[in-house]
*Asks:* 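Got a structure for you, questions after.
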Amino acid sequence: MAAKIILLPGDGIGPEIIAPALELLAAVGTSFDYEEHAFGGAAIDAHGTALSDETLAACKAADAVLLAAVGGPRWDTTDPSKPRPEQGLLGLRKGLGLYANLRPVRPLPALYDASPLKREVIEGTDLLVVRELTGGIYFGEKTRSADAASDLCAYSREEITRIARVAFRAARRKVTSVDKANVIETSRLWREVVRELHAAEFASVELEHVLVDNAAMRLVSNPASFDVIVTENMFGDILSDEAATLTGSIGLLPSASLGDPGQPGVFEPVHGSAPDIAGTGTANPIAMFLSAAMMLRHALGLDGEAAAIESAVDRALAAGLRTRDLGGSTSTREATQAVLSNL
Ligand code: NAD
Ligand code: IPM
Ligand code: MN
């Protein structure tokens, strides 16, 4: 039986980049049982909620979820009683137990000059951000009155241990655990638990602890000094967008959101719905393509097909594919053709 994949195009450029990804998946010879659901703002318009019970149930029963992006000015509100597209994303991650978000950052030599950073700074960078995805300030209790608001940041020993284990297993030479242990209590527990796990199970992997403000600086001054960065939810969100500048554009960064074995993963670009360019046909589809490749590898065991997509992307970029975010004028359609013709 063909694997069941739930498609969540979402909003903004989402539908414009997911359709080319399906073309590419077909071109590498895969054939899946796809089922598309409205998600995010589109689902608010259709059902009054960003993630319907039916969509969550379908995702739980699937082999994998391929998601583009959600959100947009149409649904932006500061009123806590109004639904927001982003609640769909958070509900999906929590509902599927996807605590581990893998965000690889591997700048290509062909694109060194597309980054605002100097070539000498970027050279040799090949890092992985392992972002905790179902805890921290994103999911703690929130309060709001007319004149005050609060967000609780909470982590348990178990939540920290399981994400640190993912990071140590992914490391080739070193794990950098990023926290704010000089100020924040959850960070002090984080540091202690990471240190204990390292001593007990991963003593052969180098471990360093770096404060988040310093880590933010090092990401753009000495990024090649990182191998695996493991960090809590919000720090990981911020640092991964920062790391995107190393590759030339956030339009290139894929991610995989994974839970315990047996849970379907969600595969999604790091970027958002890019409302500023939606509808112009200029979105960079590569982060979506590479997210599809991560799905093939992590969820479906199709390593060869995943590698075929990745190398076609590399070759198309080396041959000059430059969408507008990379300083060029290649359209979404032309970028798709370029990758297809390099398969
Ligand atoms: P964004 O990532 O959507 O866009 C930031 C900048 O990068 C914009 O200038 C945009 O044009 C550009 N960009 C992003 N992806 C691109 C691509 N594939 N090709 C070319 N350019 C690209 O972030 P934002 O503007 O802060 O947020 C817009 C909306 O997206 C918000 O509603 C936000 O909540 C949402 N968002 C969703 C996700 C997600 O669905 N996973 C992630 C981040 C933001
Ligand atoms: C991301 C996004 C989301 C996050 C938002 C849209 C909820 O920025 O996937 O990086 O903060 O996790
Ligand atoms: Mn983000």
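These values consider heavy atoms only, across backbone and side chains, with no hydrogens, waters or symmetry-generated copies. Whatever order the structure lists ligands and atoms in, that order sets their numbers, starting from 1.
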*Asks:* One thing to verify: whether Glu208 and Lys174 come together as a salt bridge, which I'm taking to mean a side-chain N less than 4.0 angstrom from a carboxylate O.
*Replies:*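 Yes, this pair counts.
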*Asks:* If you measure from each heavy atom of Met234 to ligand 2, is any distance below 4.0 Å?
*Replies:*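 Heavy atoms of Met234 never come under 4.0 Å of ligand 2.
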*Asks:* Look at atom 5 (C) of ligand 2 and say which protein heavy atom is nearest, naming residue and atom and giving the distance to 0.1 Å.
*Replies:*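 In this structure, atom 5 (C) of ligand 2 has Leu89 CD2, 4.1 Å as its nearest protein heavy atom.
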*Asks:* Check whether any side-chain N or O of Arg173 sits under 3.5 Å from a backbone N or O of Phe226 as a donor-acceptor pair, and report yes or no.
*Replies:*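 Here the side-chain-to-backbone pair exists.
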*Asks:* Does Gly12 offer a backbone N or O that forms a donor-acceptor pair with the side chain of Ser273 under 3.5 Å?
*Replies:*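 Side chain of Ser273 to backbone of Gly12, a donor-acceptor pair under 3.5 Å: no, none is there.
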*Asks:* Report, in ascending order of atom number, the atoms of ligand 1 lying under 4.0 Å from any heavy atom of Glu86.
*Replies:*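 Going through ligand 1 atom by atom, the ones under 4.0 Å from Glu86 are 31 (C), 32 (O), 33 (C), 34 (O).
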*Asks:* Could you list the atoms of ligand 1 found under 4.0 angstrom from a heavy atom of Ala69?
*Replies:*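 Every atom of ligand 1 under 4.0 Å from some heavy atom of Ala69: 40 (O).
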*Asks:* Is the contact between Gln87 and ligand 2 made by the side chain, the backbone, both, or neither, using heavy atoms and a 4.0 Å cut-off?
*Replies:*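 Neither part.
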*Asks:* Using distance alone, determine whether Thr282 and ligand 1 share an N or O pair under 3.5 Å.
*Replies:*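 No: no nitrogen or oxygen of Thr282 is under 3.5 Å from one in ligand 1.
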*Asks:* Please work out, at 4.0 Å between heavy atoms, whether the side chain, the backbone, both, or neither of Asp76 comes within that distance of ligand 1.
*Replies:*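 No part of Asp76 comes within reach of ligand 1.
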*Asks:* Taking backbone and side chain together, does Asp241 place any N/O/S atom at a distance below 2.8 Å from the Mn ion (ligand 3)?
*Replies:*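 Not a single backbone or side-chain N, O or S atom of Asp241 is under 2.8 Å from the Mn ion (ligand 3).
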*Asks:* Check this for me: does any side-chain nitrogen of one of Arg74 and Asp11 sit under 4.0 Å from a carboxylate oxygen of the other?
*Replies:*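 Salt bridge flag = no for Asp11 with Arg74.
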*Asks:* Counting heavy atoms only, which part of Ile277 comes closer than 4.0 Å to ligand 1: side chain, backbone, both or neither?
*Replies:*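 For Ile277, only side-chain atoms sit under 4.0 Å from ligand 1.
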*Asks:* Among Leu246, Asp314, Leu252, Thr247, which one satisfies side-chain contact (heavy atoms from CB on, under 4.5 Å) with Leu111?
*Replies:*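 Only one of Leu246, Asp314, Leu252, Thr247 forms a side-chain contact (heavy atoms from CB on, under 4.5 Å) with Leu111, namely Leu252.
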*Asks:* Less than 4.0 Å between atom 19 (N) of ligand 1 and some protein heavy atom, yes or no?
*Replies:*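 Protein heavy atoms within 4.0 Å of atom 19 (N) of ligand 1 - there is at least one.
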*Asks:* Is it true that Glu120 and Lys118 make a salt bridge, defined as a side-chain N closer than 4.0 Å to a carboxylate O?
*Replies:*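 The answer is no: the pair does not qualify as a salt bridge.
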*Asks:* Just wondering, do Val220 and Val121 contact through their side chains at under 4.5 Å, heavy atoms?
*Replies:*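 Not touching, per the 4.5 Å side-chain cut-off.
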*Asks:* Between Glu305 and Arg297, is there a side-chain N and carboxylate O pair less than 4.0 Å apart?
*Replies:*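 Salt bridge: no.
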*Asks:* Given the rule in the salt bridge (Lys or Arg N to Asp or Glu O under 4.0 Å) test, do Glu232 and Lys180 qualify, once you have shown the distances and angles that lead to the verdict?
*Replies:* CA-CA 10 Å; Glu232 63 101 68; Lys180 187 76 185 173; over 6 Å; no
*Asks:* Using 4.0 Å as the upper bound for N to carboxylate O, is an ion pair formed by Glu185 and Arg188?
*Replies:*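 Glu185 and Arg188: salt-bridged.
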*Asks:* May I ask you to list the atoms of ligand 1 that are less than 4.0 angstrom from any heavy atom of Glu268?
*Replies:*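 Contacts of ligand 1 toward Glu268, numbered from 1: 41 (N).
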*Asks:* Nearest protein heavy atom to atom 24 (P) of ligand 1: under 4.0 Å?
*Replies:*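 Answer no: nothing from the protein, no heavy atom, is under 4.0 Å.
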*Asks:* If you count the atoms of ligand 1 from 1 in the order shown, which ones are under 4.0 Å from a heavy atom of Ala274?
*Replies:*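 Near Ala274, meaning under 4.0 Å from one of its heavy atoms, ligand 1 has 3 (O), 10 (C), 11 (O), 13 (N), 14 (C).
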*Asks:* So that I can tick it off, tell me whether Arg315 and Glu310 are bridged by a salt bridge, with the cut-off set at under 4.0 angstrom between side-chain N and carboxylate O.
*Replies:*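 Salt bridge absent between Glu310 and Arg315.
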*Asks:* Is the shortest side-chain N to carboxylate O distance from Glu132 to Arg93 below 4.0 Å?
*Replies:*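 A salt bridge is absent here (no side-chain N lies under 4.0 Å from a carboxylate O).
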*Asks:* Less than 4.0 Å between a side-chain N and a carboxylate O, is that true for Glu196 and Arg191?
*Replies:*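 Glu196 and Arg191: not salt-bridged.
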*Asks:* Kindly give the atom name of the N, O or S atom of Asp237 closest to the Mn ion (ligand 3).
*Replies:*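 Nearest N/O/S atom: OD1.
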*Asks:* What do you think, any protein heavy atom under 4.0 angstrom from atom 33 (C) of ligand 1?
*Replies:*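 So far as the 4.0 Å threshold goes, atom 33 (C) of ligand 1 is in reach of a protein heavy atom.
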*Asks:* For residues Ser249 and Asp325, is any side-chain donor paired with an opposing acceptor at under 3.5 Å?
*Replies:*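 Present: a donor and an acceptor within the cut-off.
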*Asks:* Of all the atoms in ligand 1, which lie at a distance below 4.0 Å from a heavy atom belonging to Ala283?
*Replies:*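 Near Ala283, the atoms of ligand 1 are 19 (N).
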*Asks:* Here's one to test your reading of the geometry: is the NZ or CZ of Arg131 within 45 degrees of the ring axis of Tyr138 and under 6.0 Å from its centre?
*Replies:*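 Yes, cation above the ring, under 6.0 Å and within 45°.
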*Asks:* Which residue and non-hydrogen atom of the protein lie closest to atom 35 (C) of ligand 1, and at what distance in Å?
*Replies:*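 The answer is Val70 O, 3.1 Å.
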*Asks:* Could you list the atoms of ligand 1 found under 4.0 angstrom from a heavy atom of Leu89?
*Replies:*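 Ligand 1 atoms under the 4.0 Å threshold to Leu89: 39 (C), 40 (O), 41 (N).
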*Asks:* Strictly distance-based, threshold 3.5 Å: is any side-chain N or O of Ser115 a donor or acceptor partner for the main-chain N or O of Thr245?
*Replies:*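 A pair under 3.5 Å: yes.
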*Asks:* Which of the numbered atoms in ligand 2 are under 4.0 angstrom from any heavy atom belonging to Tyr138?
*Replies:*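 Reading through ligand 2 atom by atom, the close ones are 4 (C), 11 (O), 12 (O).
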*Asks:* May I ask you to list the atoms of ligand 1 that are less than 4.0 angstrom from any heavy atom of Asp325?
*Replies:*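 Atoms satisfying the 4.0 Å criterion: 20 (C), 21 (N).
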*Asks:* What part of Ile13 sits under 4.0 Å from ligand 1 if we count only heavy atoms: the side chain, the backbone, both or neither?
*Replies:*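 The part of Ile13 near ligand 1 is the side chain, not the backbone.
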*Asks:* With heavy atoms only and a cut-off of under 4.0 Å, state how Pro285 meets ligand 1: side chain, backbone, both or neither.
*Replies:*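 Pro285 to ligand 1: no contact under 4.0 Å from either part.
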*Asks:* Looking at ligand 1, does Val270 have a heavy atom less than 4.0 Å from it?
*Replies:*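 Within the 4.0 Å threshold, so yes.
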*Asks:* So that I can tick it off, tell me whether Asp151 and Lys142 are bridged by a salt bridge, with the cut-off set at under 4.0 angstrom between side-chain N and carboxylate O.
*Replies:*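 Salt bridge between Lys142 and Asp151, a charged N being under 4.0 Å from a carboxylate O: yes.
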*Asks:* Test Tyr155 against every option in Ile160, Val193, Ile163 by the side-chain contact (heavy atoms from CB on, under 4.5 Å) rule and name the one that passes.
*Replies:*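 Passing option: Ile160.
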*Asks:* So for ligand 2, is Arg93 a polar contact partner (N or O within less than 3.5 Å, distance only)?
*Replies:*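 In this structure, Arg93 places an N or O atom under 3.5 Å from an N or O of ligand 2.
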*Asks:* Can you report which non-hydrogen protein atom sits closest to atom 6 (C) of ligand 2, along with the distance?
*Replies:*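 Answer, as residue, atom name and distance: Glu86 CG, 3.6 Å.
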*Asks:* Closer than 4.0 angstrom: is that true for some heavy atom of Ala287 and an atom of ligand 1?
*Replies:*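 The answer is no, since Ala287 has no heavy atom less than 4.0 Å from ligand 1.
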*Asks:* Side chain, backbone, both or neither: which part of Met288 comes within less than 4.0 Å of ligand 1 when only heavy atoms are counted?
*Replies:*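 It is neither part, as no heavy atom is under 4.0 Å.
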*Asks:* Can you confirm whether some protein heavy atom lies under 4.0 Å from atom 27 (O) of ligand 1, or whether none does?
*Replies:*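 No.
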*Asks:* Is there a side chain to side chain donor-acceptor pair (under 3.5 Å) between Thr77 and Asp79 once you walk through the steps?
*Replies:* CA-CA 5 Å; Thr77 172; Asp79 179 347; 5.1 Å; no
*Asks:* If I apply the N/O under 3.5 Å rule, does Asp237 come out as touching ligand 2?
*Replies:*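 In this structure, Asp237 places an N or O atom under 3.5 Å from an N or O of ligand 2.
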*Asks:* State whether Asp260 and Arg162 are salt-bridged, where the test is any N-O pair (Lys NZ or Arg NE/NH1/NH2 against Asp/Glu carboxylate O) under 4.0 Å.
*Replies:*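 Looking at Arg162 together with Asp260, the answer is no, because their closest N to O distance does not fall below 4.0 Å.
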*Asks:* Would you mind checking which non-hydrogen protein atom is closest to atom 44 (C) of ligand 1, with the distance to 0.1 Å?
*Replies:*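 Here the closest protein heavy atom is Gly272 CA, 3.4 Å.
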*Asks:* Nearest to atom 8 (C) of ligand 1 by heavy atom, Asp276, Asn284, Leu252: which?
*Replies:*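 Shortest heavy-atom distance from atom 8 (C) of ligand 1: Asp276.
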*Asks:* Heavy-atom distances under 4.0 Å are what count here, so tell me which part of Arg103 touches ligand 2: side chain, backbone, both or neither.
*Replies:*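 Within the 4.0 Å criterion, Arg103 contacts ligand 2 through side-chain atoms alone.
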*Asks:* Ignoring hydrogens, just give me the one of Gly41, Ser273, Gly72 whose non-hydrogen atom is nearest atom 30 (O) of ligand 1.
*Replies:*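 Answer by nearest heavy atom: Ser273.
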*Asks:* Considering heavy atoms of the protein only, find what lies nearest to atom 5 (C) of ligand 1 and give residue, atom and distance to 0.1 Å.
*Replies:*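 Ranked first by proximity to atom 5 (C) of ligand 1 is Ile250 CG2, 5.0 Å.
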*Asks:* For Gly71, take its heavy atoms, then give the atoms of ligand 1 lying under 4.0 Å from any of them.
*Replies:*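 Within the 4.0 Å cut-off of Gly71, ligand 1 contributes 32 (O).
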